[in-house]
Amino acid sequence: MASSKKVLLGVTGSIAAYRALDVARLLRQDGNDVQMVATRSALRFFPRLNGEVFTGHPVYSELFDSNGGGVRHIELADRSHLLLVAPASADFIAKLSIGLADDLLSTICLAVTCPIVIAPAMEEKMYFHPAIQAHLETLRSRGVHEIPPEKGSLASGKEGVGRLQSPERIRKEVRHLLNMSDCWSGIRVLISAGPTYEPIDAVRFLGNRSSGKMGYALAESALSRGAVVTIVSGPTSLPVPIGARVFQIETAREMEETMCREFPSHDLCIMAAAVADYRIQSPSGAKRKKDGTDWAISLTENPDILAGLSRKKKPGQFLVGFAAETDMDSSLLIGKSRRKGVDILLANDVSRPGIGFSSDENDLTLVTPLGEVLPLGRNTKRILAGQALDEIRRRWKSVEDGS
Ligand code: PMT
């Protein structure tokens, strides 16, 4: 599978550094042009010459040297299609998370616009240390891909999680990401996320338990694949994914207005938001005071944004809806996908504890109006988002290719 992409291979100080040579060899076998940048500590684990033989290029490590090192980080950053750091040490992960740029590799990491992939390697206790896990979480939220370490024998001689993934597995992940970024590069994705709040009076509202995690995970996955992402977000406490354009809205009607305005300039639209089906007919501008009597509130139906978008859909656009269900009957789901006019419906059972609203995990089933039903299984929302995007792209591409 020749890809002829420019892969920048960062190597940091770890006993596993020598395995980066194998990674370089395998990536070159796939037709990639591999350029290695090693930290000073990495070069204590293998001679620079080995890196040069395995990549066919000089191995750089200094930010400042007499051969034009001063702008080298920009040149290397600009020309790369993917930056892989394998192995990524605990020290390097911390640096990357806080944006420290005190050597060539960490400086390049701040200058690249291509996807960044890290393959950590360290002792198990270090990997699971809350500081490292928090740094990894920060990096994931910025769209950095992690190839998690595997279980095996570690430098200390102990068995545990922390061993660099096999070069073969790293090659597969890189292949996948390069293919994916080819498929997604420049694609404009519009995602709705979070709840809507329908005002009752000046201080009260009708809302729901959506946290926005599912929609934001989709946005982060699409960004890390090279897509251009717009989020239309109800109120959430989540950080804005770096690189996304975000419109903050509160009510279903505000969401409808923003989605309808943005929809024509996007290729793919995913409605992950939990839109309130009803709003208060006449919300009061003032705070209603207690007066010892009951309070009857009259609700009126909100527009169905998704069904409205499906009527506006142009050839080439692809529309994905979610379904929050308590009954996952396939024929009901297929019927709903047809009624909503979507290309794909991603259904989740919101009556099950631990998944759906607010939780970090979900269990999605992909359904199409043609009757396909594909369980994606239970996983973190982040992983499911990646799987869902891969499945969406595959089906969308076959529509484009007419197959
Ligand atoms: O945000 P999280 O805490 O991560 O939770 C994720 C989630 C449970 C909210 C998400 O996975 C999900 O199921 N989102 C859709 C929730 C929903 O409104 O489902 P529904 O079956 O009521 O609606 C079906 C589809 O129509 C959805 O794509 C919805 O966005 C859309 N809709 C619904 C009502 C409405 N008035 N307009 C719409 O466009």
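Note that ligands are numbered from 1 as they come in the structure, with each ligand's atoms numbered from 1 the same way.
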>> I want to know if ligand 1 touches Asn302 in the polar sense, i.e. an N/O pair below 3.5 angstrom.
In response: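 No, Asn302 has no N/O under 3.5 Å of an N/O on ligand 1.
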> ligand 1 and Ala323, any nitrogen or oxygen pair closer than 3.5 angstrom?
Replying inline: no
>> Contact between ligand 1 and Asn362 is defined here as a heavy atom of the residue under 4.0 Å from a ligand atom; is it met?
In response: yes
> Out of curiosity, is Gly194 lining ligand 1, as in a heavy atom under 4.0 Å away?
Replying inline: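 The answer is no: ligand 1 sits nowhere under 4.0 Å from a heavy atom of Gly194.
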> side-chain hydrogen bond (donor to acceptor under 3.5 Å, both in side chains): which pairs involve residues 108-126, sequence neighbours left out?
Replying inline: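 Qualifying pairs, neighbours excluded: Glu123-Ser156.
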Taking 4.0 angstrom as the limit, do [X] and [Y] come out as a salt bridge?
X: Arg382; Y: Glu220; result: yes
X: Lys6; Y: Asp33; result: yes
X: Glu361; Y: Lys381; result: no
X: Asp343; Y: Lys313; result: yes
X: Arg25; Y: Asp22; result: yes
X: Glu400; Y: Lys397; result: no
X: Asp103; Y: Arg40; result: no
X: Glu256; Y: Arg253; result: no

Distance from [atom] to nearest protein heavy atom, with residue and atom:
atom: atom 26 (O) of ligand 1; result: Lys340 NZ, 3.0 Å
atom: atom 23 (O) of ligand 1; result: Phe322 O, 3.9 Å
atom: atom 34 (C) of ligand 1; result: Asp277 OD1, 3.2 Å
atom: atom 2 (P) of ligand 1; result: Ser211 OG, 3.3 Å
atom: atom 11 (O) of ligand 1; result: Asn348 OD1, 2.5 Å
atom: atom 39 (O) of ligand 1; result: Leu306 N, 2.8 Å
atom: atom 19 (O) of ligand 1; result: Ala324 N, 3.3 Å
atom: atom 30 (O) of ligand 1; result: Ala273 O, 2.7 Å

> Between the side chains of Thr230 and Arg245, does any donor sit under 3.5 Å from an acceptor?
Replying inline: yes
> For ligand 1, which atoms, with element, lie under 4.0 Å from some heavy atom of Phe357?
Replying inline: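 Those atoms are 3 (O), 5 (O), 8 (C), 9 (C).
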>> Only heavy atoms of Lys213, strictly under 4.0 Å: list the atoms of ligand 1 that pass.
In response: 1 (O), 2 (P), 4 (O)
>> Counting only heavy atoms closer than 4.0 Å, does ligand 1 sit against the backbone of Ile305, its side chain, both, or neither?
In response: both
Given [options], which has its nearest heavy atom closest to [atom]?
atom: atom 21 (O) of ligand 1; options: Glu325, Lys336, Lys381; result: Lys336
atom: atom 14 (N) of ligand 1; options: Gly212, Ala272, Gly234, Ala274; result: Ala272
atom: atom 36 (N) of ligand 1; options: Pro303, Gly321, Ala217; result: Pro303

> Which residue pairs pass the salt bridge (charged side-chain N to carboxylate O under 4.0 Å, His left out) test when at least one of the two sits in residues 327-340, sequence neighbours left out?
Replying inline: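 Counting only pairs at least two positions apart or across chains, the salt bridge (charged side-chain N to carboxylate O under 4.0 Å, His left out) contacts touching residues 327-340 are Asp304-Lys340, Glu325-Lys336.
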